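To keep things clear, I will list the structure first and then write my remarks on it.
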Protein chains: 2
Amino acid sequence: MTTINDIAKMANVSRTTVSRVLNNNGYVSESARERVMKVVEETGYIPSVSAKSLRTKRSGVIGVILPKISTETASRVVGGINEVVAKEGFQILLTDTELNHEKEIEYIRLLHSRHVDGIILLATNVNDRLLHAIEDARLPFISLGQELPGVTSIVYDDYHASKDMTNMIINKGHKKIAYIGVGEDDPAVGVLRKQGFIETIEEAGLKLEESWLSYGDFSIESGYESMKQIIETNPGNFPTAVFVVTDRMAIGAMEYLKEQGLQIPQDIAITGIGASVMSKYVSPSLTTIDYFNKEAGIMAAELLLEQLQDQNTNKKFLQNYRLIERDSV
Amino acid sequence: MTTINDIAKMANVSRTTVSRVLNNNGYVSESARERVMKVVEETGYIPSVSAKSLRTKRSGVIGVILPKISTETASRVVGGINEVVAKEGFQILLTDTELNHEKEIEYIRLLHSRHVDGIILLATNVNDRLLHAIEDARLPFISLGQELPGVTSIVYDDYHASKDMTNMIINKGHKKIAYIGVGEDDPAVGVLRKQGFIETIEEAGLKLEESWLSYGDFSIESGYESMKQIIETNPGNFPTAVFVVTDRMAIGAMEYLKEQGLQIPQDIAITGIGASVMSKYVSPSLTTIDYFNKEAGIMAAELLLEQLQDQNTNKKFLQNYRLIERDSV
DNA sequence: GAAACGTGTGTAATCGATTCCACATACTCT
DNA sequence: AGAGTATGTGGAATCGATTACACACGTTTC
């Protein structure tokens with residue numbers, strides 16, 4: 001490995017001067033600059049990032065913590081983040097919590113020790129230890145998907161999205177509407193979406209049977225099972241529509257309905273949330289809500305870069321959404 | 001930030017001893033070890049990775065170069081890689097070439113300068129400058145998806161997979177089979193898959209019309225357009241089956257056929273490659289080939305970790321595949 | 001009882017950069 | 001002419017870890 005010292009010797013200057021040339025600061029004569037650049041090009045020298053980062057406390061790396069790496073949402077968000085930070089010469093250091101809350105905290109500390117310049121967390125829950133870990137890291141920090149107190153957050157408008165969707169279902173004349181959700185340790189998907197649904201149902205004066213509520217774990221299979229449960233526990237009293245909080249679970253639910261020979265949407269209508277690519281190509285195509293994940297990633301990255309300059313903004317940003325009406329309702 | 005010096009002072013030992021405790025090497029008395037551990041836990045001290053990496057030349061980071069970050073294939077592979085390397089305490093540094101060949105080279109050099117311990121490249125093409133860059137980096141290196149001479153490569157068996165698929169189509173009685181592919185600068189998807197298809201067609205003594213060949217760019221839309229082109233340029237002489245080299249393009253093609261009121265598979269059968277989640281849930285469900293992307297990622301990571309120990313293995317590994325017959329043929 | 005070895009600890013050099021400071025010129029302004 | 005400023009350069013400290021080496025002590029071994 002060639003180092004700055006080698007370059008200095010070869011160009012007949014001190015390493016101070018080499019550093020000045022490379023970082024474009026301080027006075028350097030034209031001739032010295034040319035000599036240095038020539039040697040740099042000839043040798044293909046690249047400065048050691050470790051040394052640089054040790055000295056400057058900046059690494060040019062952004063840490064990203066994902067709940068699950070191989071999901072459409074995650075990869076769209078990461079794509080958005082990457083688009084922005086790559087332009088500024090940053091890299092992404094990726095970690096995957098596999099939906100394990102402990103790991104979120106562990107990874108924050110780990111990224112910290114790696115001297116990342118900032119962290120973007122696709123949060124799935126809120127708890128004191130997590131907030132503490134963020135506080136301790138004292139790093140530019142963005143939470144995406146959940147509102148974390150004291151942290152700049154970008155959140156999807158889950159509540160209103162759910163209300164809009166539910167209202168749309170009601171306006172189509174449905175009165176018996178079932179719900180497939182996820183656990184309430186997830187404040188956004190688990191709590192807000194449910195709240196939007198239930199409040200809208202109540203506002204419309206509709207009845208809500210306990211047996212029409214079921215819960216999955218984000219997977220297609222769990223959507224299938226939840227739908228099965230609802231159908232099997234309500235013989236002769238099927239709901240006429242099902243509000244499902246994610247596209248994947250909605251698609252699982254559709255599978256079950258199709259297997260049972262039930263027509264969508266004639267017998268039972270169904271909706272999802274997330275605007276996955278799949279939602280467009282299943283039959284019937286799925287009515288869903290687009291959260292603009294990539295744009296959210298872009299926004300997160302931009303806010304983070306801003307924080308790298310100025311001090312903490314610590315605001316909350318509501319990402320907008322769009323209801324996509326298709327053939328499943 | 002607490003440093004090793006702070007810990008040393010607080011525990012009343014030299015920083016050498018602290019380092020010994022943390023890295024578990026050399027002799028340390030039980031009492032010293034306990035004192036150090038106590039202080040470490042109290043302070044939540046984490047060693048600076050930059051300093052460590054500067055000294056040891058190892059960073060605990062694996063560089064991954066993707067052609068496109070937000071695709072199902074990429075995220076499955078990364079998921080597999082992550083599963084393996086995370087267990088060994090490695091992180092993933094992610095870069096995205098956005099299908100730009102120049103960036104592959106640029107990123108290899110950049111990852112090198114970041115002292116990554118190894119690189120996994122999801123290659124999309126082969127050229128001398130790329131090989132040169134890999135050589136220069138002198139790093140444990142794995143190529144996934146393309147065979148690179150002199151580099152340990154994991155390749156999908158595109159040729160035989162295509163042959164199997166084509167044979168399966170032929171065995172169903174089809175004689176007029178169209179092809180939707182991608183550009184031939186991609187040796188695996190563009191060349192091998194086409195070769196497998198064409199050779200099988202010829203072996204079976206079938207005719208191959210030039211107008212039954214069409215090319216897209218991996219996107220769903222390009223599949224749609226390619227299908228449209230084939231249908232429009234062959235009025236009254238439609239093929240009865242279409243071999244498409246990726247699921248996404250196949251799904252685009254299906255869209256067009258459905259729009260035209262053509263029945264799949266009765267009027268025209270269709271096949272994809274890739275076993276995307278979507279392929280299972282479109283109607284009719286798509287016959288495709290599963291390349292076990294996640295397993296390929298796992299294998300890549302394992303091979304890389306092996307290379308970190310021993311010296312260059314430099315072998316070629318053929319990943320196996322599985323034909324999934326569904327309702328589109 | 002001396003040599004050899006095992007155990008425990010600390011000193012100091014080192015990795016490859018950045019940056020403060022000192023110093024040397026050359027030019028401008030009263 | 002002398003002070004002040006702009007320009008150019010290098011010496012040396014520094015960031016926070018690892019590790020070769022030296023040393024001290026206790027225990028075996030012949």
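If you're wondering where the values come from, they're calculated on a predicted model, not measured in any experiment. Order of the sequence lines fixes the chain letters, A, B, ..., with proteins taken first and strands second; residue numbering starts at 1 for each chain.
Using a 4.0 Å cut-off between a side-chain N of Lys or Arg and a carboxylate O of Asp or Glu, B/Glu42 and B/Lys38 qualify as a salt bridge. Looking at A/Lys87 and A/Glu83, no side-chain N of the basic residue comes within less than 4.0 Å of a carboxylate O on the acidic one, giving no salt bridge.
Where B/Leu54 and B/Asn25 meet DNA chain D, the nucleotide closest to each residue was compared, and B/Leu54 sits on the side nearer the 5' end.
One interatomic measurement links the two molecules: CG of A/Leu22 to C1' of D/dT9, which rounds to 16 Å at whole-angstrom precision. C/dC15 atom C1' lies 13 Å from atom CD1 of A/Ile4, rounded to whole Å. In this entry the distance linking CZ of B/Arg114 with P of C/dA17 reads 14 Å, nearest Å.
At least one donor-acceptor pair under 3.5 Å links the side chain of A/Arg35 to the backbone N or O of A/Ala11. Counting only distance, with no hydrogens or angles, the side chain of B/Asp117 and the backbone of B/Ile62 share no donor-acceptor pair below 3.5 Å. The closest donor-acceptor contact from the side chain of A/Arg33 to the backbone of A/Asn24 lies at 3.5 Å or more, if one exists at all.
Between A/Lys52 and D/dC15 there is no side-chain N or O to OP1 or OP2 distance below 4.0 Å. Phosphate proximity of C/dA17 to A/Asn5: absent, as no side-chain N or O sits under 4.0 Å from OP1 or OP2. Checking the phosphate oxygens (OP1, OP2) of C/dG16, a side-chain nitrogen or oxygen of B/Lys57 falls inside 4.0 Å. The side chain of B/Ser19 places an N or O atom within less than 4.0 Å of a non-bridging phosphate oxygen (OP1 or OP2) of D/dT18.
Atoms CD and CZ, on B/Glu135 and B/Phe141 in that order, are 11.5 Å from each other to the nearest 0.5 Å. Taking OG of B/Ser14 as the reference point, atom CD1 of B/Ile4 lies at 8.5 Å (rounded to 0.5 Å).
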Sort me out a list of protein N/O and nucleotides 24-29 of chain C N/O pairs below 3.5 Å, or just none if empty.
none

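Comparing the end axes of the helix from C/dG1-D/dC30 to C/dT30-D/dA1, each fitted to five base pairs by superposing C1' atoms of four pairs onto the next four, gives an inter-axis angle of 40° (nearest 10 degrees).
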- Message: Can you build the contact string for nucleotides 7-13 of chain C? Use B for base contact, S for sugar-phosphate-only contact, and - for no protein heavy atom under 4.0 Å.
- Response: BBBBBBB

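Atom NZ of A/Lys68 sits in a sparse spot, with 12 or fewer heavy atoms from other residues, nucleotides or ligands closer than 6.0 Å. Other residues, nucleotides and ligands contribute over 12 non-hydrogen atoms within 6.0 Å of the CG atom of B/Asn25.
Exactly one residue among B/Asp158, B/Asn320, B/Thr73 makes a side chain to side chain donor-acceptor pair (under 3.5 Å) with B/Tyr291. That residue is B/Asp158.
Heavy atoms only, all atoms of each residue included: B/Glu147 and B/Val126 are closest at O-CG2, 4.0 Å.
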